[in-house]
Amino acid sequence: MAAASLARFLRPDQCSIRLVESAEIGIVGVGEATVPHIRFFNQTLGLDEADFMRKTHATFKLGIEFVNWARIGDSYIHPFGDYGRPFRGVKFHHVWNRLRLAGDASPIDDYSLPIEAAKNARFAPPTNDVKSPLAGFGYAFQFDATLFAPYLRAWAEQRGVRRTEGRVVDVGLRGTDGFIESLTLASGEKIEGDLFIDCSGFFGLLTEKSLHTGYEDWTHWLPCDRAVAVPCESHGPLLPYTRATAHAAGWQWRIPLQNRTGNGHVYSSRFLSDDEAAATLLKNLDGKALAEPRVLKFVTGRRKKTWNRNCVAVGLSGGFVEPLESTSIYLIQAAITHLIELFPDRNFDPLNLDEYNRVMDLEFERVRDFIVLHYHATERDDAPLWNYVRNMPIPDSLAYKLELFRERGVVVNYKVGLFFEPSWVAVYVGQRILPKRFDPLLDDAPLEDLRRHTGALRAAVQAAAQAMPTQADFIAQYV
Amino acid sequence: MSEQLRDIVIVGGGLAGWYAAVRLAHAMRGRRIKLRVVHAAAPGEEADPLDALCASTLPSHHVAHAELGLDERAFMRVCRATFKLATEYRGLTDPSRSYLLPHGEIGARIEAVGFHQVISRLAHAGRALDIDEFSVPALAARLGRFAHPSPDARSVLSTFEYAYHLDTQAYTRLLRAFAQKLGAVAVDAGLAGVELAADGQNIAAVTLTDGQRLEGDLFIDCSGARSALLGEALGVPFDSWQSWLPCDRAVVMGVSAFEPPAPFTRISAEPGGWSWQVPLRDQLVQGLVFDGSRVDADAALAKAAQAQSRAVALRFTNGRRREAWRGNCVAIGAAAGFLEPLASTGLQLINEGVTRLLSLFPDRGSAAVMAVEYNRMLAALYDGARDFVLLHYLLARRAEAPWNGQVAAALPPSLARRVEMFRHRGRVVLNDDEIFEEPDWACTFVGQGEKPLHHSIIVDQASDAEVLAQVAKIARVMQSAVQTLPPHHAYLERYLA
C-alpha cells in the first residue's frame, strides 16, 4: 500500500522508490476486513472497483456483527451508517433512548438500513441523494489480503517501483546522527536511501531493531496477544458483514469472501493455550477447514515514535491493535496519508516529524479507546479474561467518553481519527451502556408523536432493505 | 424537587439573551417550561452595549435561522440587512495591500489538499498568483455582485456561503418578539442582586430593581462582559488575553451611505487599532477599535462627532471566563468571553454557546457532567477564535503598533504550532472544535503575505504548464460565472421588494 501510494504521488524524476521484500516473511492475513476508508484508497489509485473485487475475491461489507460480547446470547451489528433521522432537531439516538426509557422494546438496529440489509444478506450501493432512503450509509470490503498485495505490487511496478527480493541482514546507520543510510541484503547487495519506510511487521526491523525507537505496550488494556487463523469453505448465503464472536479467552472472526471464509481466533495467552485456541476455532467454523491453523503472536501497543529520524513505521511495525473493528488497514492508510501530507525533504525538518507523530498518536489512541470499550463494557463473568477487562482501569480519555454516554447519551465527537457518532452509539448500545437519562428536550414530547416518527423510519428501512438484491446476485452481476 | 429543569431564567435582554431565548423556546416547544428574560438594564439602555460589535456575522447563522423557520426576507427587511460574501482586510501588512477572506471554497481541492498548496507550488516556480482570483465569493465581492448560492452542486456558483450585515438593535427586537410569540416572558426590570444556593456553586434566585425575586432551575447569564452571575456571583475567574490582544476600546457610529451597500465587511488597519465598515441597506455602520493606551478615546469620539452621527464609546477586555458553565449557570456571549470583532465572531460565539447548550441540555442529575463537556468545547472554540484573531496582528508588518508584528506575551502554544506548520509547508493545523476552517486560515496566512517554505508533494505531480493551464481554467470559469451575477444592491432590492 505504501509503495503504490508513494508511486501515485511522487514523480519518478523527483524520487525513486524501492521495495525490499522477502518471500520468507509472509503476509499477515488478519486484516482482510476493512472500514469504508479503503474506498478512498482505491479511488486515489484509480482502481476499478469491480476489477479489484474480482481479483481479490472481495465481498461488500456493511458492518460487523458482535456476538456474545456484553452477555452470552447478545448480538448486535455496528453498521457503516447513521441511525434514523432527527426529531425536531434532536438526534435520533436520543429519540430512541426516550422511547426505550418509556418501555418501548424496539432495538436501535431497526433504524439502520445497513443493519437490515446485512441481516438479510442484501446489498446495494448508497446514493448521494440525501432524501433517498438509500443515503446515509457507507460500505467497505472483505478481501483476501494475500491477493491484494500482488494486485498492488503490479500497480506499483507499472509506475516505476523497483522491487527487490531479498532479506535484510544489516542496517547501516550514519555516524553523525544515527539516520539509516543503507540496507544490506543477504545477497550482499547494498541499498541506500534517503527515507526508509518500515513495513516489516511486528518485528520492526528498522524502527526497533536498528533505531530502538521503543514501544508503548497496551496489553494491560487489551490483553489478547495471539491469533490463530484458518480459512474454511463457505456455507450459506454470501454475507455482507464480518462477525466477531466472543469466546472465553478472546474472540473469533469470520470474514466471508466470494470463494471461502476467513476465520481467526484472537486470544490471550495468559488465559488460553495455543492448542485450546485452535481447537475452539476449528469447532466453530461454518464449513470444512481449508488449511492448517497458523498461530500469530503480537503485542498490542504503539511505537513510541511512528516516525523516528528518517524511518517511518507503517503497519504493524508502527503499532498494532487487534482487528476487532477492522482497523489494521485503516491505520496503514492513515500512516501513508499523513506521510504524504507531511512528506519531508533531505533536511528532515523535525516539524514534519513532530506533527506526524502527534497526528498518528491521536489515530492510534482513538482506535484503541474504541476497541477497549468492547471489552470493558461487558457484564460477562464466566471467564478470567472477562473478569479482568470488566474491572481493569481504562484510559482516562475513554472513561470520559463513557461517562457522557452513560449519563445522558452524549457522544464525544472529534475530527482527527476514526469512528464518528453512529459508530460510538452502535457499540455503546450494543455493549449495554444505556443512558440513565433521556434528552430533556424530549421529556414532554408526546410518546405517540415519537412512535409515529420511529414507526415511519422502521418501515422505510424495511422497505428499502427488501428492495435490495442479495449480495450474491449483486456481485454476480457487478463483478 | 423535579428532576427536569423547567424554570429557566435568562439574565440580560440583549442580543445574546434574546437569541438564547428564541433558540431555547423553539427547541423546547411542547415542553412544559417557564422561560423568563430579565432585561438587566434600565429601560432605554442597551442591555449589552457590546452588541453593537456583532453587526457582521459568519455564514452558519442562516442555518440557525432555517431551523427556526425565520423567513429570510422578513428578517432582512426588519434588520436592514445586506448579504456578506467576505471581509476585506486593508493595510495590515503594509498600507497599500489588501486581501479578502471569502466565505467559500478556494479553487478546487486536489486529493484533499487545499488550493493554497497549488498557489504555493506555482509561487515556488516563480509564478505569483492572487488567491482571490480563485474564489467565487471573493470575485463577486470585488465586483459588488451577489446572488444566493446555486442549489446545483455541479455549478461553480454553489461553491460559496454567505453571511449577513445587520442592525443589531433591530435584530434584538425581532428576536424578542419571536421569543415572546414562542412563550418567553420579558421581565422589564434591572438586576439588583444574585442569591447563591447554600453550596455557593449554584444560583438560587436573582432579585430585580423592582423588588421581584426570581427563583429558577437554570440561569443563563447574558449580562454581557460584566458576567453578573457567572463571574461576579459565582466567582468564575476571567482570563484576560490583553497581553496578546491589547485593544480595549471601540467607538461605533452609523453614517449615511453614499454608495450602494457592498457585499462585504471592510476592515482597515489604523494607528493604534483598526476601523471597520459594515454596510447596512440604508446606512454604513462604522467603528473604530483601538488600544486605549495608545489612542485618545475622547479624540476618537470628537472625530466621530464631526461625522454628524451619534457615536457610542465602548470598553472591553479580550478574554474568557475559565468556565462558561458552573453549577446551574451557563454564560453566553460576552458573559462567557469577549473577542474583538476583527473576525466577526460575536454572533457566532453566541450561536455556538446556545447550540452546544441545547445538545447537552441537562437535567438536575446530569448538569455536572454536561458542564465539563460544555466547558471543554467552548474553551476550544474561544481559544481557536482567539488564535485566529491574534494571527492577524502577528503577521502584520507595519512600522507602528499594534501592526508591527510585535506581540507582548509569548504566543499561545496552539498558535505557535499553527504558524510554524504553515510557514514550513502550508499545513493548516486544526483542532477538533474550531470556528474557522482550513480555507479561512489559509487565506489569512496567504493574504498577509506568508509564503510557505515548501508545498505539498500532492500538488507536484503535473508540470508547471499543466498546472498553470488548470488554474487558468478555474479562474476563467469563476470569472465568467461571477459576471452573470447581478449587482448586490439590485439583487437585494428585488429580493426584498
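We use all heavy atoms of the structure for the numbers below, so side chains are in, but hydrogens, waters and symmetry mates are not.
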Rounded distance [0.5 Å steps], NZ in A/K305 versus CG in A/D361: 10.5 Å
Nearest-0.5 Å distance that lies between atom NE2 in A/H453 and atom CZ in A/F87: 7.0 Å
Chain B contact via A/R358 - side chain, backbone, both or neither, heavy atoms under 4.5 Å: side chain
Top of A/I340, A/V410, A/L404 for chain B proximity - count of heavy-atom pairs under 4.5 angstrom: A/L404
Donor-acceptor under 3.5 Å (B/N328 side chain, B/I203 main chain): yes
Cation over ring face, A/R85 and A/F92, 6.0 Å, 45°: no
B/L360, part contacting chain A, at a heavy-atom distance under 4.5 Å: both
Whether B/H424 and B/H454 hold their rings parallel, tilted or perpendicular, with breakpoints at 30° and 60°: perpendicular
Interchain contact, A/V416 with chain B, by part (heavy-atom threshold 4.5 Å): both
Chain A contact via B/R32 - which portion, at a heavy-atom distance below 4.5 Å: both
Per-residue contact mode, A/L362 against chain B (heavy atom under 4.5 angstrom): neither
Identified side-chain contact (heavy atoms from CB on, under 4.5 Å) counterpart of A/L450 within the set A/D104, A/L442, A/V90: A/L442
Structural part of A/E341 lying under 4.5 Å from a heavy atom of chain B: both
Residue part contacting chain B, namely of A/N413, when any heavy atom lies under 4.5 Å: backbone
Residues in residues 422-429 of chain A that sit under 4.5 Å from chain B, counting heavy atoms only: none
Atom group of B/R29 that falls short of 4.5 Å from chain A, counting heavy atoms: both
Toward chain A, the part of B/A153 with a non-hydrogen atom under 4.5 Å: neither
Segment of A/Y400 engaging chain B (4.5 angstrom heavy-atom cut-off): side chain
Toward chain A, the part of B/L358 with a non-hydrogen atom under 4.5 Å: both
Euclidean distance, B/R417 CZ relative to B/L411 CG, rounded to 0.5 Å: 13.0 Å
Choice from A/T337, A/L441, A/L342, A/D345 maximising heavy atom contacts with chain B below 4.5 Å: A/L342
Pairwise side-chain contact, B/R423 with B/E450, heavy-atom cut-off 4.5 Å (strictly under): yes
Atom group of B/E373 that falls short of 4.5 Å from chain A, counting heavy atoms: both
Engaged part of B/V372 at the chain A interface, taking heavy atoms whose separation is under 4.5 Å: both
Chain B contact via A/Q14 - side chain, backbone, both or neither, heavy atoms under 4.5 Å: side chain
Interatomic spacing from CG in B/N351 to NE2 in B/H65 - rounded to 0.5 Å: 8.5 Å
Under 3.5 Å: donor-acceptor pair, side chain of B/Q117, backbone of B/R425: yes
Side chain to side chain contact (heavy atoms under 4.5 Å, CB included) evaluation trace for A/R366 with A/F419: CA-CA 8 Å; A/R366 284 173 169 167; A/F419 298 118; over 6 Å; no
Segment of B/V369 engaging chain A (4.5 angstrom heavy-atom cut-off): both
Interatomic distance, A/L351 atom CG to B/M421 atom CE [nearest 0.5 angstrom]: 5.5 Å
Intermediate values then yes/no, side chain to side chain contact (heavy atoms under 4.5 Å, CB included), B/L122 and B/V471: CA-CA 10 Å; B/L122 290 171; B/V471 300; 4.0 Å; yes
Lys NZ or Arg CZ of A/R159 over A/W155 ring: under 6.0 Å, within 45°: yes
